[in-house]
Amino acid sequence: MKKALYPGSFDPITNGHVDILERASRIFDMVEVAVLENPSKNPLFSVEERVAMIREIFRGKPNIKVGSFRGLLVEYARKTGADVIIRGLRAISDFEYEFQMALMNFKLDPSVEIIFMMPRVEYSFLSSKLVKEVYSLGGSLPDLVPEAVDRELKKKFHDSGAG
Ligand code: PNS
C-alpha cells in the first residue's frame, strides 16, 4: 500500500492541481491532498472552504482523501504514514523554490521522498494567484478551474457587489 501526500495552499485548487491528483491517484494506492493552514498567507478561502471544495470535486474517488495541516510538512507526512510527497512543477521558474524546499525537507527528514510531476501543457501557465486576479476583476475561467471553484469564486467576487 503506497500512500502519497500532495501538499499545497490550494487557494483555490485549479485544474492543474486536479490533473496532477488524478494522475497520481493512478500511480499510488492512496493520495491525500494536504491543505496548508497558514493564516499569515492571507488566503482568500478559509481552510474549511478549500477542503470542502476539494472534497466536492473528488467525491466518488475513494483513493483521493483530503486533510489539512499546520507546522512542518515532513512531520505531517510522517504522522499520516505517507511514503512520498508529490509536488507539481510547471515551469523553470518553479524550479528554484521547489529545489530549496525539497533540500530543506531532506535536511529535516533524510528519509522523506519527494516526486515532481509536470502538469499537462494547457495548465502549465496556470496559478491560483492569477485565477483569483481574473475573477476579482470580473472575469471567469471555467475551463481552468473545477465547477465548484468557479461557483465559489463567483460568490466571493461577483455576487458580493464588491466588483
Ligand atoms: O501551494 P504552495 O503554497 O506552493 O505550497 C507550499 C507548501 C504548503 C508545500 C509549503 O509552504 C510547506 O510545505 N509548508 C509547510 C511548512 C514547512 O514544512 N516548511 C519547511 C520546509 S520548506
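Keep in mind that this is a model prediction, so the values were computed, not measured. We're numbering straight along the sequence, starting at 1. In each ligand, atom 1 is the first atom listed, and ligand 1 is the first ligand listed.
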I'd like to know if the side chain of Asp11 reaches the main chain of Leu44, judged simply by a donor and an acceptor atom lying under 3.5 Å from each other, with no hydrogens or angles considered. yes
If only atom types and distance count, is the side chain of Lys3 paired as donor or acceptor with the main-chain N or O of Thr80 below 3.5 Å? yes
By the ring pair (Phe, Tyr, Trp, His ring centres under 6.0 Å) test, which pairs, at least two apart or in different chains, include something from residues 48-74? Phe69-Tyr76
Nearest atoms (heavy-atom pairs only) where Glu32 meets Gly67: OE2-CA, 3.6 Å
Under 4.0 Å from ligand 1, counting heavy atoms only: the protein residues, by chain and number: Gly8, Ser9, Leu36, Lys41, Phe69, Gly71, Leu72, Leu73, Arg87, Tyr97, Met101, Asn105
Side-chain H-bond candidate by donor/acceptor type, Ser25 with Lys61, under 3.5 Å: no
Look at the side-chain heavy atoms of Ile, Leu, Val, Met, Phe, Trp and Tyr, link any pair under 4.5 Å apart, and say whether Met30 and Ile54 land in one connected group. no
